[in-house]
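Within every chain, numbering begins at 1; the chains are lettered A, B, ... in the order of the sequence lines, protein sequences first and strands thereafter. Hydrogens, waters and symmetry mates are skipped; everything else that's a heavy atom, side chains included, is used.
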2 protein chains.
Amino acid sequence: MMYETKNLNQNSIEMANKHINNLTMPSWALGDLLDIGVKLSGIQGVFPPKIEEKRIYIFACDHGIVEENVSLFRKEVTEQMVRNFVSGGAAISVLSRHAGAGTVIVDMGVDADLSDLVKRGDILDRKISMGTENFSKGPSMTLDQAEKSLKIGFELVKESYNENDIYAIGEMGIGNTTTSTAVVSGLLGSEVDLITGRGTGIDEKARLHKVDVIKESLQKRKIERDESPLSVLQKVGSYEIGAMTGMILGCASFGRPVVIDGFISSTAALLAFKINPKVIDFMFLGHRSMEPGHKVIIEELGLSPLLDLNMRLGEGSGTPLAMNLLEASCKILSEMATFESAQVSRENEVQ
Amino acid sequence: MMYETKNLNQNSIEMANKHINNLTMPSWALGDLLDIGVKLSGIQGVFPPKIEEKRIYIFACDHGIVEENVSLFRKEVTEQMVRNFVSGGAAISVLSRHAGAGTVIVDMGVDADLSDLVKRGDILDRKISMGTENFSKGPSMTLDQAEKSLKIGFELVKESYNENDIYAIGEMGIGNTTTSTAVVSGLLGSEVDLITGRGTGIDEKARLHKVDVIKESLQKRKIERDESPLSVLQKVGSYEIGAMTGMILGCASFGRPVVIDGFISSTAALLAFKINPKVIDFMFLGHRSMEPGHKVIIEELGLSPLLDLNMRLGEGSGTPLAMNLLEASCKILSEMATFESAQVSRENEVQ
């Protein structure tokens, strides 16, 4: 399957730059807020860009690797947290309400019967299976399943991009920092020990065990230096990471900005980037996570995270606050007065 | 005049810490958002803290030092920008609307007739004089005027703290990066060249001229190593900086959080800190400014700015976005579910 991306609209970018230079402030004095506005103009292909309809997609999935005792929480917490999202008590629920962003919860492979939530329309059923396989014993999924996960994310954008000005991605899945670390090391060859963090809060002994599990698994799964992104996803990845990857490709294909959360969703960003580097143009990093593996992804992508608040929660929790900044940026472009309209003297107009 | 500060409420702080540990997330996984919530609990003396009524005070003043050709914009721009604030076209107007924060514009000493705005209730008239004196030729103001400027800021909090959950400060005054640089160097003994920036956008030649003006003025005004903050304000400061200093002291006195903007309002924060170091407990730095002098203030205060967006505009423009983060933090404390209420298994509850 081919995922083509749009090009940024150079005409809108030019209009944005020109307009910004006429706004009542010293040259480029709002810094990154202005760069953001220019990028959004290019992505949406209009000037001024607008961010009103904001949607955060949270992809949930269970991970076979949890059998290896890599997490502080047991697997059941994935289902429990999905129910917490639905009832509005999770961090992402609170923060998305605060930002005026809608959430869509997608079951990609939670190992539980969520049919009550599906029937009530509280979540979308895209379950590929009852969770991934334990990748220390065999591949996480089949190639078909990997492709399917990408397609699910892509199609969700295709179906909804006319209604949404901006997307954000988040996830839930006990064990998914382990999966992400394996994927990142598989893609970049990073030293596992350096990029393995404490996830939900394991101690150093447990972290070293996690490192061992990941290292052994990568050897067993025989990941080559130039392994394709899809193959890495299949061997040591997971469905929610695949779906987020597909959603990013979808945003780049249909011209919508997408805000990435922390380590796990940035792993999807890295996969999307390896599939098509042009996705960078459509992407914003919501924040800098405390997870050590996030740093190497940020460096590889070459993007600056918008916020740096020592967060490490996931769920998409770093995206609503970032969306708020992007929205502010749009309003600067559409609502500020120009020197002419406000009758303010320009610089160098002395005497 | 004595400015007493409150103490943080330790009981509320304890309640906040205890509550946070029961919320459905790994331990302290929302990082700074949680630290902010604890600090706000201590400041407001209640749990959970709340931020609904948000007010940004913008203090405007003209600066005699502008005669020395230190700015790219002419003095008239101070008045023009005040009118732009009133009509809602300035950056701070747009961003405060976005954050749902009210603005109060205070004339501390604009060298123009603003009586039409005062009559319409668009601005507050606290004009001390038609601008400060040129501090390269004599002190910026009298000691009486310096004390008066502090008192104005303090009284504004005293009159309004029952209606406001949080304050922010901003300013307008062509020439006020020059004034701030002189005040900071006067207070900390910082090398003038290192902390003199490009203000509204002057080139390197003009910046070196600005350095010379400030250095000479500091010598002429005979600022001693242990000069009192009030004396530094009087000799090389300005009314809007004095009023912001007083507002910070007022917030610390009446138990309200105050968000500081960039270099100029942080100069006021530094003055308030030198008057009473306990103000730190009530203060949040909205963002990290591009102005080089901001760095030394941040280090002296020992606080981390909430945002880092390469802004250098002033007006209070860095505060609405920061207020939005603080508001989010309050909602996390009041709206998130606990492990018990959401029936989510805690960490280590394996089997």
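- A:L307 touches chain B through its side chain: at least one heavy atom from C-beta onward sits under 4.5 Å away, while N, CA, C and O do not.
- Contact count against chain B (heavy-atom pairs under 4.5 Å) is highest for A:E327 among A:E315, A:R83, A:E327.
- Heavy-atom pairs under 4.5 Å with chain A peak, among B:A29, B:P320, B:A337, B:A342, at B:A29.
- For A:E79, no part lies under 4.5 angstrom from a heavy atom of chain B.
- Contacts with chain B were tallied for A:T338, A:I202, A:D308, A:L325; A:L325 has the most, counting heavy-atom pairs under 4.5 Å.
- A:S317 is listed as a side-chain neighbour of B:L30, based on a closest heavy-atom distance under 4.5 Å.
- You'll find the side chain of B:M311 stays beyond 4.5 Å of the side chain of A:D32, heavy atoms only.
- Taking OG of B:S27 as the start and CG of A:L72 as the end, the distance is 9.5 Å to the nearest 0.5 Å.
- Summarising the geometry of B:M25 relative to A:L313, their closest heavy-atom pair is CB-CD1, 3.6 Å, with the distance given to 0.1 Å.
- Among B:V94, B:L23, B:I36, the residue with the largest count of heavy-atom pairs under 4.5 Å with chain A is B:V94.
- Here the CE atom belonging to A:M290 is positioned 12.5 Å from the CH2 atom belonging to B:W28, to the nearest 0.5 angstrom.
- The choice from A:L34, A:L306, A:N84 that makes the most heavy-atom pairs within less than 4.5 Å of chain B is A:N84.
- In this structure, the portions of B:L309 lying under 4.5 Å from any heavy atom of chain A include both its backbone and its side chain.
- A:E76 and B:S345 share no side-chain donor-acceptor pair at under 3.5 Å.
- Residue B:T200 touches chain A through both its backbone and its side chain, counting heavy-atom pairs closer than 4.5 Å.
- Only the side chain of A:R97 has a heavy atom closer than 4.5 Å to any heavy atom of chain B.
- Looking at A:N324, both its backbone and its side chain come within 4.5 Å of chain B, counting heavy atoms on both sides.
- Using a 4.5 Å heavy-atom cutoff, the side chains of B:P26 and A:R312 are in contact.
- In plain terms, the two heavy atoms of A:H98 and B:A328 that are nearest each other are CD2-CB, 3.5 Å.
- Considering only heavy atoms from C-beta on, A:L321 comes within 4.5 Å of B:L33 through its side chain.
- Both the backbone and the side chain of A:E335 come within contact range of chain B, each with at least one heavy atom under 4.5 Å from a heavy atom of that chain.
- By the 6.0 Å contact criterion, CD on A:E67 is enclosed, its count of non-hydrogen atoms from other residues, nucleotides or ligands being greater than 12.
- The heavy-atom pair separating A:A90 from B:T24 by the smallest distance is CA-OG1, 4.3 Å.
- Interface remark: B:F85 contributes no atoms to any contact with chain A (heavy atom separation under 4.5 Å).
- Listed by chain and number, the residues in a salt bridge (charged side-chain N to carboxylate O under 4.0 Å, His left out) with B:D35 amount to none (sequence neighbours excluded).
- Note: B:A91 leads B:A91, B:G201, B:S93 in heavy-atom pairs under 4.5 Å with chain A.
- Across all non-hydrogen atoms, the minimal contact from B:R346 to A:F73 is C-CE2, 3.7 Å.
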